[in-house]
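All chains are named by letter (A, B, ...) in the order of the sequence lines, taking the proteins before the strands, and each is independently numbered beginning at 1. Computed from heavy atoms alone, side chains included, the values below leave out hydrogens, waters and symmetry copies.
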There are 2 protein chains.
Amino acid sequence: MHRNPDPRGTCAHEETHGHPIDGDAVESRARSYALSKGVPFTPMRQSVLALLAASGKPMSAYEIAEKVSDTRKLKAVQVYRALEFLQEAGCVHRLASRSAYFACDHLHGEGETVVFMVCAQCGAVQEAASELVARGLRGAAKTTGFRPRHPMIEVEGECAECAGTPER
Amino acid sequence: MHRNPDPRGTCAHEETHGHPIDGDAVESRARSYALSKGVPFTPMRQSVLALLAASGKPMSAYEIAEKVSDTRKLKAVQVYRALEFLQEAGCVHRLASRSAYFACDHLHGEGETVVFMVCAQCGAVQEAASELVARGLRGAAKTTGFRPRHPMIEVEGECAECAGTPER
DNA sequence: TCCTGGGTGTAATGTTGTAACAGCACGATA
DNA sequence: TATCGTGCTGTTACAACATTACACCCAGGA
């Protein structure tokens with residue numbers, strides 16, 4: 001987990017990839033989820049989501065706590081609470097391989113199999129829904145009677161930008 | 001990560017699944033790796049591997065430290081050192097989704113795409129190598145120029161035994 | 001008014017993983 | 001035999017990630 005010196009963004013064009021996602025779209029999805037649950041979409045939740053959406057890259061909860069701090073100093077536990085809501089709302093996903101969180105403006109269908117491609121160098125995440133992968137997973141599962149539940153796949157690799165710049 | 005009350009083995013037939021893997025086979029693989037590297041296959045490494053092989057289920061490093069303690073009390077850092085060797089040797093894999101380690105007696109080929117199916121209830125892990133998944137991943141990657149590096153896929157779900165016993 | 005449910009703020013603690021350093025065992029070499 | 005290097009072990013300390021517990025506030029309903 002702490003194997004890389006800085007797991008999030010050490011490559012040369014740190015600023016250029018991880019293109020920001022549509023903050024308005026993702027926020028409105030969060031709002032309607034809150035509405036449907038009868039809970040408020042609080043400033044706390046709003047600012048955590050806005051930060052993640054603007055950054056467009058995975059961030060750790062502690063990193064979020066640091067950056068969100070507009071005036072007051074935020075504690076990690078408060079960030080985790082906001083993240084919990086945002087994950088339920090489907091606006092934020094957790095990258096287990098990096099213990100990091102990122103905003104996502106895709107609306108993932110129920111049985112959909114999503115692939116997150118994480119650049120080992122710059123940390124940028126690209127998403128794709130692959131029916132072929134889903135079929136492969138079902139095939140692998142069938143032989144053992146296993147029932148896949150949350151087909152969220154994380155693959156480490158090298159994104160196009162980082163692959164194009166071999167230095168560091 | 002700490003979301004489940006006990007991520008490793010809370011279901012009724014805890015003892016029955018996660019069938020132990022072939023301890024002798026996996027140990028001999030570790031021995032030949034050690035030989036090829038010119039380093040010893042120490043009792044420390046041997047006992048960590050033996051424990052993992054016998055349990056057949058993922059365990060955290062701290063859990064291993066507790067259980068291995070035959071006479072002396074083992075510290076986590078020592079377990080991590082043994083695990084590092086065993087991972088290099090290909091005898092042990094790390095489950096990022098649970099921060100846990102498990103022994104594996106398959107010999108995975110170089111570019112092979114391996115799918116680990118983790119039962120959310122009992123924690124048992126089943127492995128499968130899927131060419132279809134590999135192709136799907138390559139297809140998903142191709143559109144963005146992403147180059148997958150370590151195609152180790154973890155899928156949460158429900159194993160056949162747990163699916164058959166709906167209670168709890 | 002009181003009660004209840006949910007969000008917030010804060011402290012404490014638990015869990016996972018590394019860094020750093022001293023000591024030891026063992027083989028190579030002079 | 002002496003010494004040197006290499007790699008494992010034992011130990012302390014700490015960093016990074018995550019949860020629990022509790023007090024407080026505030027809005028809405030009985």
Atom-to-atom span, [atom1] of [X] to [atom2] of [N] - whole angstrom:
{"X": "K73(B)", "N": "dT11(D)", "atom1": "NZ", "atom2": "C1'", "value": "15 Å"}
{"X": "Y62(B)", "N": "dA18(D)", "atom1": "OH", "atom2": "P", "value": "15 Å"}
{"X": "E84(A)", "N": "dA18(D)", "atom1": "CD", "atom2": "C1'", "value": "12 Å"}
{"X": "F85(B)", "N": "dG7(D)", "atom1": "CZ", "atom2": "P", "value": "13 Å"}
{"X": "F41(B)", "N": "dC8(D)", "atom1": "CZ", "atom2": "P", "value": "13 Å"}
{"X": "Q87(B)", "N": "dG17(C)", "atom1": "CD", "atom2": "C1'", "value": "12 Å"}
{"X": "L74(B)", "N": "dG10(D)", "atom1": "CG", "atom2": "C1'", "value": "10 Å"}
{"X": "I64(B)", "N": "dG17(C)", "atom1": "CD1", "atom2": "P", "value": "10 Å"}

Using a cut-off of strictly less than 4.0 Å, decide whether [X] has a side-chain nitrogen or oxygen near OP1 or OP2 of [N].
{"X": "Y101(B)", "N": "dT16(C)", "result": "no"}
{"X": "R94(A)", "N": "dA18(D)", "result": "yes"}
{"X": "R45(B)", "N": "dC8(D)", "result": "yes"}
{"X": "Q78(A)", "N": "dT8(C)", "result": "no"}
{"X": "S60(A)", "N": "dA16(D)", "result": "no"}
{"X": "S99(B)", "N": "dG17(C)", "result": "yes"}

Ranking dA21(D), dT9(D), dT20(D) by distance to the side chain of M44(B), first place goes to dT9(D)

So ring pair (Phe, Tyr, Trp, His ring centres under 6.0 Å) across residues 32-52 of chain B, not counting sequence neighbours, yields Y33(B)-F85(B)

For Y80(A) and dT19(D), are the ring centres under 5.5 Å apart with planes inclined under 30°?
no

Correct closest heavy-atom pair for P58(B) and L95(B) would be CG-CD1, 3.8 Å

Between R81(B) and G38(B), whichever has its closest DNA chain D nucleotide further toward 5' is G38(B)

When you check the side-chain N and O atoms of E127(B) and H108(B), is any donor under 3.5 Å from an acceptor?
yes

#### Entry: E88(B) atom CD, over 12 foreign heavy atoms within 6.0 Å
yes

Contact between R147(B) and C159(A) at the side-chain level, heavy atoms closer than 4.5 Å - yes or no?
no

